[in-house]
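Notes to accompany the following structure.
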There are 2 protein chains.
Amino acid sequence: MHIENFKIFIDLVEKKSFSKAAKLNKITQSAVSQQIKVLEKHYNITVIDRSHKNFSMTSEGEKLFESAREIINKYEKMSAEILALKDVVCGTIHISTIYSIGLHELPPYIKNFLRDYPTVNVKVEYRRSNLVYDDILGKSADLGIVAFPIKLKQLEILPFREDKLSLVCSPEHRLANKKEIDIKEIKDQKFISFDKDIPTRKAIDLIFKEKKISVETVMEFDNVETIKRAVEINAGVSIIPEITASQEVNLGVLKTVKIKGKKFKRPLAIIYLKGRHLTPAMHKFIGMLMGKPFVRPDKSLN
Amino acid sequence: MHIENFKIFIDLVEKKSFSKAAKLNKITQSAVSQQIKVLEKHYNITVIDRSHKNFSMTSEGEKLFESAREIINKYEKMSAEILALKDVVCGTIHISTIYSIGLHELPPYIKNFLRDYPTVNVKVEYRRSNLVYDDILGKSADLGIVAFPIKLKQLEILPFREDKLSLVCSPEHRLANKKEIDIKEIKDQKFISFDKDIPTRKAIDLIFKEKKISVETVMEFDNVETIKRAVEINAGVSIIPEITASQEVNLGVLKTVKIKGKKFKRPLAIIYLKGRHLTPAMHKFIGMLMGKPFVRPDKSLN
DNA sequence: CATATCCATAAACAAAATTAATATGTTAAA
DNA sequence: TTTAACATATTAATTTTGTTTATGGATATG
């Protein structure tokens, strides 16, 4: 039984007219007539006594009318509540992000987001890349933000933005005064790098290999902050997202030098578990990061 | 939206299984899956988070679940109440009948009916044939019982039984001792008849005309009771339904004589307004008269 | 008495739900 | 890791249901 069928019956009774009920529901009078017949056949009762022009209801019809109206009321109330729920942006968003993004790129976004949606609680977890994936797969975070995203069938990946990778060195370093260098100039420098399992490290190593550049890796760290500290004391140079050094550059403790070539980009992505429910708050958050209203690319609803 | 769709969603949530919900509702798992998708698309929400095997509900899903359960409860309660209403045989039945049937044939039926359904109030109106039709057409009676029913498009006619028409005469009359006579023997008798507009009169006149029998119509009455009184005083003979004279025959004040031939039958019928609602009580009443459960032959429900 | 209105019905068509078959995914066991 | 068992999703074909259009009968109105 269609709920709409009850609605039509109610309109029919209230208007005492098949054709008016039809108009109200934007269908033809014929459809109303047939729907009422379906109703009667379904319960095997007569709801309307048609022997008179101004028809009357039977006792069964009256019973049906009362109950149907209650049902319709409840149904419409429910529909309204559900629609309203979609506009309620609240709750907690658990974000798991790699250090560099979380510390240097996310804060302004989060600030804006919290200004727009003060009822949302945003929790950010700063983690190594592999742990971000674990958080998402293990459902201990809703959204992850990573660099050089790894395609996994369980994950939905939303390309987000690209960081410019630059050479970073101490102001005392001989490369410090150049505006732009060719990657080959890094050859044989003392180099401070990310740990070998960090995607950005892998990307840089790949470029070195392609260009047949060998560097002397003097230190390895799992996060950009420690790398910067080491570069500050002129222990070597490094390649890191330029944005992560902006503060130190302003303070004059570090220098960044652009590297020629297109490859020195670091793609960032938002990741989440495929099929996972995203609350309205999460939708808004992703939309804000992407700079446009977010529509899930994965199954469920589009 | 189908109400059954809510039912399926509820079962799905309660069983936490698409396939079990399918079995419960006697449809395939595929149908459940698609119905849930319809539900989600209709409200443009996600109701179940499928990212985990033991799936969980979203907040929208929970809201929907609660409301849907209320709706289903109401719906099922209503269905039960409506079904129950059909078994409640009560109220008043207004019957309009011609004198002869109402006085001689109906009483045993009504007695039986009231024994079976003591909560029903049966009101019988004894009228001339044409007034019975008026009662039905004018809705002042629910059911009519007439002889030689006239087909009218507004009326539903249910053939009911047939009366045997017999010659009736005083025990002193010369035909009184015969067991059976030929209709021609009535020729030239003094004849007491129904009024000209009474169907039984018309039927008898037609037979006389066919057989080219002329009688001397000495009196005309609009009901069988008065005819019998006239025959009792030997004012003439008459042809009436045999059953209406049984009492007088037992008392010895009248004699009935069978007439040869098949034509001497009086078809009786129950009539009611087409499209009119018949209460359960009326259904039972008609069923009792017809000797079998009554199913309306006219439109609406069969 | 013509005309308009209203409802019922039938048939053609459109839309929706269902199934069966199959794919995909998940879990647990080998 | 592969396999087997189970659960859900997807697809396409089929069936069912609902709608409209067209029509006709009944009733009321002018």
Side-chain angles (χ1 to χ4, degrees), chain A residues 1-9 11-13 15-42 46-57 137-139 152-156 273-276 298-302, chain B residues 1-9 11-13 15-42 46-56 137-139 151-156 273-277 296 298-302:
Chain A
M1 185 63 55
H2 264 136
I3 287 205
E4 288 72 19
N5 203 323
F6 287 160
K7 171 72 166 48
I8 288 164
F9 173 58
D11 289 341
L12 168 64
V13 170
K15 295 284 169 214
K16 288 211 171 297
S17 154
F18 281 66
S19 11
K20 281 176 193 159
K23 263 182 204 156
L24 271 180
N25 290 277
K26 291 172 188 170
I27 52 176
T28 59
Q29 164 267 316
S30 172
V32 173
S33 182
Q34 290 173 77
Q35 289 226 32
I36 297 302
K37 202 193 256 173
V38 165
L39 207 63
E40 293 188 320
K41 199 151 200 166
H42 180 256
T46 312
V47 292
I48 309 251
D49 187 325
R50 283 116 161 139
S51 66
H52 193 49
K53 187 161 193 193
N54 285 342
F55 54 70
S56 57
M57 261 195 291
L137 295 175
K139 284 187 154 193
L152 290 177
K153 58 188 170 189
Q154 297 113 305
L155 289 186
E156 193 60 39
L273 207 53
K274 258 182 194 163
R276 179 128 203 227
D298 55 336
K299 46 191 169 184
S300 34
L301 21 137
N302 31 347
Chain B
M1 185 62 55
H2 266 135
I3 286 206
E4 288 72 17
N5 203 325
F6 287 160
K7 171 73 165 49
I8 288 166
F9 173 57
D11 289 341
L12 169 64
V13 170
K15 295 284 169 213
K16 286 212 171 298
S17 156
F18 281 67
S19 11
K20 281 175 193 161
K23 263 182 204 157
L24 272 180
N25 290 277
K26 291 171 188 170
I27 52 175
T28 60
Q29 164 268 316
S30 172
V32 174
S33 182
Q34 290 173 80
Q35 290 231 32
I36 297 302
K37 204 191 254 173
V38 165
L39 207 62
E40 292 187 321
K41 198 151 200 165
H42 181 255
T46 312
V47 292
I48 349 200
D49 187 326
R50 285 120 159 131
S51 64
H52 193 50
K53 187 165 192 191
N54 286 342
F55 53 71
S56 57
L137 295 174
K139 284 189 154 194
K151 280 181 193 164
L152 289 177
K153 57 192 168 188
Q154 296 112 305
L155 290 186
E156 192 62 37
L273 207 52
K274 260 184 192 162
R276 178 129 205 225
H277 172 61
R296 293 182 81 128
D298 55 338
K299 47 192 170 183
S300 37
L301 22 138
N302 32 349

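Below, chains carry the letters A, B, ... as their sequence lines are ordered, and counting in each starts from 1.
Taking all atoms of both residues into account, the shortest heavy-atom contact from A:Phe55 to A:Arg50 is CB-CA, 4.5 Å. Of all heavy-atom pairs spanning B:Ile48 and B:Ser56, the tightest one is CG2-O, 3.3 Å. Across all their heavy atoms, A:Asn25 and A:Ala21 have their closest contact at ND2-O, 2.9 Å.
Side-chain proximity of A:His2 to D:dG18, D:dT8, D:dT19: nearest is D:dG18. Of the candidate nucleotides D:dT8, C:dA10, C:dT19, C:dA10 has the atom nearest to the side chain of A:Ser30. Minimum atom distance to the side chain of A:Ala31 is reached by D:dT20, of the listed D:dT20, C:dT19, C:dC7.
For A:Ser33, a side-chain nitrogen or oxygen approaches OP1 or OP2 of C:dA8 to under 4.0 Å. Contact between the side-chain N/O atoms of B:Gln154 and the OP1/OP2 oxygens of D:dG25 is not found at any separation under 4.0 Å. Here B:Gln35 reaches the OP1 or OP2 of C:dT18: one of its side-chain N or O atoms lies under 4.0 Å away. The phosphate of D:dA26 has OP1 or OP2 within less than 4.0 Å of a side-chain N or O from B:Lys153. Dashed line: the shortest gap from a side-chain N or O of B:Ser17 to OP1 or OP2 of D:dA7 is not under 4.0 Å. Contact between the side-chain N/O atoms of B:Arg50 and the OP1/OP2 oxygens of D:dA9 is found at a separation under 4.0 Å. Dashed line: the shortest gap from a side-chain N or O of A:Lys274 to OP1 or OP2 of C:dG25 is not under 4.0 Å.
Look at CD1 on B:Ile8: it is 11 Å from C1' on C:dT18, rounded to the nearest Å. Between the P atom of C:dA16 and the CE atom of B:Met1 lies a distance of 12 Å, rounded to the nearest Å. Between the CD1 atom of B:Ile27 and the C1' atom of C:dA20 there is a distance of 14 Å, rounded to whole Å. Across the protein-nucleic acid pair, A:Phe18 atom CZ and D:dA26 atom P stand 17 Å apart, rounded to whole Å. For B:Ile36 and D:dT8, the CD1 to C1' distance is 12 Å, given to the nearest whole Å. To the nearest angstrom, P of D:dT16 lies 16 Å from CD of B:Gln34. For A:His42 and D:dT17, the NE2 to C1' distance is 14 Å, given to the nearest whole Å. Atoms CZ (A:Phe9) and C1' (D:dG18) sit 19 Å apart, rounded to a whole Å.
Residue whose closest nucleotide on DNA chain C sits further toward the 5' end, between B:Thr28 and A:Ser19: A:Ser19. Between A:Gln29 and B:Lys16, it is B:Lys16 whose nearest contact on DNA chain D lies nearer the 5' terminus.
Between the A:Glu4 side chain and the B:Met1 main chain, a donor and an acceptor come within less than 3.5 Å of each other. In terms of modelled atom types and a separation under 3.5 Å, the side chain of B:Glu40 and the main chain of B:Val47 share a donor-acceptor contact.
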